[in-house]
Amino acid sequence: MKVRKESSRIVKPTYEGTPPTNISYTPLSVFDKVTYDNHMAVIYAYRPPTPPNAALELGLKKALSVYREWAGRLGKNEDGDLVILLNDKGVRFVEASAECTLNQAMPFKPSMSLLALHPSWKGVEELVQVQLTRFTCGSMVVGFTANHLVADGNATSNFLVAWGQACRGLEIYPIPFRNRGIFSPRDPPRFEFEHRGTEFTSEKIKKDYPSVDNTIMDDIVVHEVHFSFEFLAKLKAKASAMNGTNKSYSTFESLVAHL
């Protein structure tokens, strides 16, 4: 699969009325601070018809006006703590094309070739990057990367839904929840459970607390499964026929229920 990058630019939020100030910031929660300071990547494939890149870019600008953190940058506040600067510097927006049909490229299997479907996540200052790759059959793949300090999987899903809503001219819902104060530690601190070797185990913790038992990690198993198009179609039809209404379950809903 040969992918050609055709353009790369910064897309910034667009606001209705007076833009907000660019001198504020959002602090990181205690959970943000212990997660990975790098980009997590995901790709979504869509069959035609698909909206033009201009419409997707406009929707992205509108979504960023609600999710301002995504268009910001990492920095430090007056106390030296790592924060998200709400400076609206924007996200990376890449347009690309593939010299094949989507059917020829799928099913997507873990390989180095998939790296061409989203921007590189190494050494970038943007907190979010988007790549739209068009295939000769009219299909489109959206490559999305986001810094894990900005959001977890649930927040990323909400943002992608908000992007779709903005592209359709709908009101963005739900609005992101920003009160990191709910994770503030108790004062004075009260430790009721042993967390050091259970939730976040680092090399430093292993060195300082050699008695921590990490045998539970041996129970983690990664299992890869491939479901054929025919199986998924039958599963979706069976699930939809069982609900007793006119609603048709999506492939994702049907597969998750099956698992």
Side-chain angles (χ1 to χ4, degrees), residues 1-3 35-36 39-53 55-56 59-60 63 67 96-119 121 128-146 148 151-174 176 216-259:
M1 178 177 60
K2 186 176 181 180
V3 176
T35 192
Y36 303 104
H39 277 239
M40 310 301 289
V42 63
I43 54 177
Y44 297 90
Y46 298 92
R47 301 288 186 183
T50 57
N53 289 2
L56 293 171
L60 181 60
Y67 285 77
S97 60
E99 298 179 0
C100 64
T101 65
L102 184 60
N103 282 342
Q104 291 172 327
M106 291 185 68
F108 292 141
K109 297 181 179 180
S111 68
M112 295 297 292
S113 63
L114 292 183
L115 296 178
L117 292 176
H118 56 69
W121 64 84
V128 166
Q129 300 181 106
V130 172
Q131 178 175 317
L132 308 180
T133 303
R134 299 284 179 173
F135 287 75
T136 56
C137 60
S139 299
M140 175 186 67
V141 166
V142 177
F144 183 88
T145 80
H148 211 307
D152 56 13
N154 183 63
T156 300
S157 298
N158 287 343
F159 175 78
L160 293 171
V161 169
W163 183 11
Q165 291 170 335
C167 290
R168 294 176 172 86
L170 303 176
E171 181 181 357
I172 292 180
Y173 181 84
I216 191 173
M217 299 297 291
D218 296 334
D219 297 332
I220 297 177
V221 176
V222 178
H223 183 56
E224 180 181 337
V225 181
H226 172 68
F227 296 100
S228 68
F229 292 116
E230 292 76 14
F231 174 84
L232 293 174
K234 292 180 180 179
L235 184 66
K236 181 178 178 180
K238 182 178 179 180
S240 300
M242 292 172 61
N243 79 14
T245 68
N246 293 326
K247 177 186 176 182
S248 175
Y249 288 119
S250 69
T251 301
F252 179 79
E253 292 171 323
S254 303
L255 183 57
V256 169
H258 172 71
L259 293 175

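Side chains included, hydrogens not; waters and symmetry mates left out as well; all remaining heavy atoms used. The chain is numbered in sequence order, starting from 1.
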Q: So do the side chains of Y44 and L160 get within less than 4.5 Å of each other, counting heavy atoms only?
A: yes
Q: Taking the side chain as every heavy atom from C-beta outward, state whether T156 and F159 have any atom pair closer than 4.5 Å.
A: no
Q: Given side chain to side chain contact (heavy atoms under 4.5 Å, CB included), test Y67 with N158 step by step and report yes or no.
A: CA-CA 10 Å; Y67 285 77; N158 287 343; 3.5 Å; yes
Q: Does the pair Q104 and C137 meet the rule for a side chain to side chain contact (heavy atoms under 4.5 Å, CB included), with working shown?
A: CA-CA 10 Å; Q104 291 172 327; C137 60; over 6 Å; no
Q: When you look at T136 and E99, which way does the side chain to side chain contact (heavy atoms under 4.5 Å, CB included) test go after all the steps?
A: CA-CA 6 Å; T136 56; E99 298 179 0; 5.5 Å; no
Q: Which atoms form the tightest heavy-atom contact between L56 and P51, and what is the distance?
A: CD2-CG, 3.7 Å
Q: Grab the two heavy atoms, one from A63 and one from I172, that are nearest each other, plus how far apart they are.
A: CA-CD1, 3.8 Å
Q: Once you round to the nearest 0.5 Å, how far does CG of L115 lie from CD1 of I43?
A: 9.5 Å
Q: Just checking, any donor-acceptor pair under 3.5 angstrom between side chains of Q131 and T133?
A: yes
Q: Less than 4.5 Å apart, side chain to side chain, heavy atoms only: is that true for N103 and F135?
A: no
Q: Atom CD in Q129, atom OG1 in T145: separation rounded to 0.5 Å?
A: 4.0 Å
Q: Hey, does Y46 have a side-chain heavy atom less than 4.5 Å from the side chain of L102?
A: no
Q: Does any non-hydrogen side-chain atom of V142 lie less than 4.5 Å from one of W163?
A: yes
Q: How many angstroms lie between CZ in F144 and NE2 in H118, if you round to the nearest 0.5 Å?
A: 12.0 Å
Q: Among residues two or more places apart or on two chains, list those pairs meeting ring pair (Phe, Tyr, Trp, His ring centres under 6.0 Å) that have a residue in residues 230-259.
A: F227-F231, F231-H258
Q: Please identify each residue that fulfils side-chain hydrogen bond (donor to acceptor under 3.5 Å, both in side chains) with S250, with sequence neighbours left out.
A: E253
Q: Is the shortest heavy-atom distance from the side chain of S254 to the side chain of K238 under 4.5 Å?
A: no
Q: Apply side chain to side chain contact (heavy atoms under 4.5 Å, CB included) to residues V128 and H39 and explain how you reach the verdict.
A: CA-CA 8 Å; V128 166; H39 277 239; 5.8 Å; no
Q: Closest approach of A105 and M1, non-hydrogen atoms and distance?
A: CB-SD, 3.6 Å
Q: What are the two closest non-hydrogen atoms of L255 and L235, and how far apart are they?
A: CA-CD2, 3.9 Å
Q: What heavy-atom pair brings H223 and V225 nearest, and what distance separates the two atoms?
A: CD2-CG2, 3.3 Å
Q: Going by atom types alone, do S139 and R134 pair a side-chain donor with an acceptor below 3.5 Å?
A: no
